[in-house]
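Along the sequence shown, residues are numbered consecutively beginning with 1.
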Amino acid sequence: MSRKLRATALAGVLALTVAGCGGVGGGDGDDTGGTATKGALSTMGFGLSDEIATTRVDAFKRDHPDVNLKITEGAFDEQQFLSAVASGNPPDLVYMDRKLIGTYAKRGSIQPLTDCVDKQDIDMGRYRPAAKDQVTLDGTVYGIPEFSSVRVLYLNEALLRQAGLTADDVNLADWAGLPALNAKLAAVSDGRLSRIGIDPKIPEFLPMWARANGADMISADGTKPNLTDPKVVEALTTGVRLIEDQGGFGKFKSFRDTFDFFGAENPLVKNQIVAWPMEEWFLNQAAKNSPKAELVVKPFVDREGNPVTLSSGQAWVITKGAKNPDAACAFAKQMTATDTWVAAAKARADARKAAGQPFTGVWTGNAEADKKIFDELYQPTGNKRFDDAVATIRSVQDVAFAMPASPAGAEFDKAWYDAVNRVLAGQAQPAEALARAQQEATAALDKAAK
């Protein structure tokens, strides 16, 4: 993803940051305790894959020389995590998807961060509301948000022009007109799909389609599923039809699975897709790998034409049984502090400049950090397509929603994902599949409540 480019010289960046603000994490009330924090500290689910990660970790090591930090690289593994907690020998700190936090909080696998927030004086008001809400269960904070990923609509203007259309002709507010638009954009011959017209990105983005239709799939407190709402059924029906009209899910998915979203031969360059909602990180990839592509980025919109976007991201949590919760808290704070993010963004900007590539920003869960990054570091690329896209992404961050923290979030997700997959496989109709999912999710949430 956008975090795969490595910087070659970070020491200068860090030195400048220290000189300019009294140390990363120290210039705006972010002091994390310095050398008072000590001992061994272990993490899970995080990797040093790029300069965004290494800059921040290096800052923590510099400011906390008495902490013996061990980062076990690799993606979060649920079974490994639960086994470690059950054994009484868990890592101190885990980097996980925010949507999982409610489930693990309810199970008691992770700790409330009330004391952490108080002792380290973490200003939770800096974090984006959608991110903060997703790490808060029953009024208690269980995670410190990291990145903030939102969804926007990407368009291949070259293919639109071939169809005699412009970006303005792609109106996601007009659901009744989507099948006809899809037919103009897709390339299907003898049941063979060679170009996707509109990819609705379901199951993944069904909550965004439902919100665009005026429905939430679960209550705001994360305890009551709302999967049988006719507006949710309509959202699923609309998305499924777009896929069925392009040869059905089997052929659609097989074709889409060949895409290289992370490389120079991405589907935008190869003209394999015309319109699709996707996370903001693809802009970074496009700027790096295909800066001459005719890309247009618009907000995803509801049926009234108002911007709507789904927010997601990771967060740091402290495990039950953590041996060094104080160091874990200091680490989580510094990794997400305003000055630390700005230093990391500068490292990214410098690396992109050295490589002759545009810098399109860094998107975090810390709204204050993002403002500084875009006010002080970001410079227009000179490519109007990318500059307009950055402005679009910035504008939708403030209207983003996230699936709420839920005591059975994992089970809820499985219920509706399975429902969508049954429909895509031709095993059930939308209303039938969602009715079953409603029963399954209700049972899981009721069990969690007890």
Side-chain angles (χ1 to χ4, degrees), residues 1-2 99 128-131 134 147-157 159-160 165-182 185-186 196-217 229 231-232 234-243 246 256 259 261 267-268 273-286 295-313 360-361 363 370 385-386 388-404 416 420:
M1 291 170 62
S2 62
K99 69 180 182 179
R128 296 189 178 281
Q134 205 169 27
F147 291 100
S148 176
S149 183
V150 294
R151 284 83 180 139
V152 289
L153 180 66
Y154 293 91
L155 301 171
N156 185 328
E157 195 168 36
L159 291 178
L160 286 172
L165 302 172
T166 69
D168 290 339
D169 294 318
V170 180
N171 180 14
L172 291 192
D174 179 16
W175 285 21
L178 290 181
L181 176 63
N182 192 36
L185 301 178
I196 291 175
I198 301 173
D199 181 358
K201 289 295 293 288
I202 58 172
E204 305 96 313
F205 294 178
L206 180 61
M208 189 164 69
W209 284 94
R211 173 63 72 94
N213 204 25
D216 289 315
M217 291 170 49
D229 188 316
K231 293 181 178 179
V232 178
E234 185 181 18
L236 177 55
T237 302
T238 298
V240 169
R241 178 173 178 184
L242 292 175
I243 292 175
Q246 298 180 81
R256 191 176 61 186
F259 293 179
F261 279 105
L268 181 65
I273 190 169
V274 186
W276 72 106
M278 196 170 183
E279 294 87 351
E280 89 296 325
W281 58 256
F282 180 71
L283 178 66
N284 215 348
Q285 292 298 305
L295 176 67
V296 174
V297 176
K298 296 172 58 175
F300 190 90
V301 296
D302 64 19
R303 300 190 72 172
E304 301 299 321
N306 302 307
V308 60
T309 190
L310 176 66
S311 170
S312 65
T360 56
W363 311 93
D370 282 8
R385 294 182 183 279
F386 291 106
D388 289 349
V390 168
T392 294
I393 294 170
R394 290 195 70 186
S395 72
V396 302
Q397 284 277 2
D398 292 335
V399 299
F401 77 97
M403 299 296 282
W416 67 261
V420 177

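Distance check, rounded to the nearest 0.5 Å: CG of L206 to CG of L310 gives 10.5 Å. Between atom OG of residue S149 and atom CE of residue M278 there is a gap of 9.5 Å, rounded to the nearest 0.5 Å. Rounding to the nearest 0.5 Å gives a distance of 11.0 Å between CD of E279 and CD1 of I393. We find the CG-CZ distance between D398 and R128 to be 6.0 Å, quoted to the nearest 0.5 Å. Of the inter-residue distances, the one linking R241 atom CZ with W175 atom CH2 reads 13.5 Å to the nearest 0.5 angstrom. Rounded to the nearest 0.5 angstrom, R256 CZ and D199 CG are separated by 4.5 Å.
Ring geometry for W209 against F300 counts as perpendicular: the plane angle is over 60°, on a 0 to 90° scale with 30° as the lower cut.
Across all their heavy atoms, P207 and F401 have their closest contact at O-CZ, 3.6 Å. Nearest heavy-atom pair, V301 versus A212, reported as atom, atom and distance to 0.1 Å: O-CB, 3.7 Å. When every heavy atom of L153 is checked against every heavy atom of P277, the shortest pair comes out as CD1-N, 3.9 Å. Among all heavy-atom pairs drawn from W363 and Q397, the shortest one is CE3-NE2, 3.7 Å. Considering all non-hydrogen atoms of both residues, A400 and A130 come closest at O-CB, 3.8 Å. Nearest approach of A215 to D229, heavy atoms of both residues: CB-OD2, 3.9 Å.
Side chain of N284 to main chain of W281: no donor-acceptor pair is present (N/O by atom type, distance under 3.5 Å, no hydrogens or angles). Although no hydrogens or angles enter the test, the distance criterion places a donor-acceptor pair under 3.5 Å between the side chain of N182 and the main chain of I198. A distance-only check finds a donor-acceptor pair linking the side chain of Q134 to the backbone of M403 [under 3.5 Å]. Side chain of Q246 to backbone of L242: a donor-acceptor contact under 3.5 angstrom is found.
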Could you walk me through whether D216 and R211 satisfy the side-chain contact (heavy atoms from CB on, under 4.5 Å) test, starting with their C-alpha distance in whole Å, then the side-chain angles of each, then the deciding distance to 0.1 Å, before giving a yes or no? CA-CA 6 Å; D216 289 315; R211 173 63 72 94; 2.7 Å; yes

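Side chains of I202 and I243 form a contact here, defined as non-hydrogen atoms less than 4.5 Å apart. Using a 4.5 Å heavy-atom cutoff, the side chains of V152 and K298 are not in contact. Contact of the S312 side chain with the R151 side chain is registered, since non-hydrogen atoms from C-beta on lie closer than 4.5 Å. Looking at heavy atoms from C-beta onward, P200 lies out of side-chain contact with F205 at the 4.5 angstrom threshold. Looking only at side-chain heavy atoms (C-beta outward), K201 and M208 stay at 4.5 Å or farther from each other. Contact check for L172 versus L178: side-chain heavy atoms found under the 4.5 Å cut-off. Proximity of L236 to V420: side-chain heavy atoms (C-beta onward) are separated by under 4.5 Å at one or more points. Looking only at side-chain heavy atoms (C-beta outward), L185 and L165 come within less than 4.5 Å of each other.
The pair R303-E234 meets the salt-bridge criterion, since a charged nitrogen lies less than 4.0 angstrom from a carboxylate oxygen.
Between F282 and W276, a ring centre-to-centre spacing shorter than 6.0 Å is recorded.
Summarising the local packing, NZ of K231 is surrounded by 12 or fewer heavy atoms from other residues, nucleotides or ligands at distances under 6.0 Å.
Each of V296, V297, L268 was evaluated against L155; a single residue qualifies, V296, per the side chain to side chain contact (heavy atoms under 4.5 Å, CB included) test.
Residues satisfying the side-chain contact (heavy atoms from CB on, under 4.5 Å) criterion with A180, sequence neighbours excluded, are absent altogether. Evaluation of the side-chain contact (heavy atoms from CB on, under 4.5 Å) rule for N306 yields D302, E304 as partners, not counting sequence neighbours.
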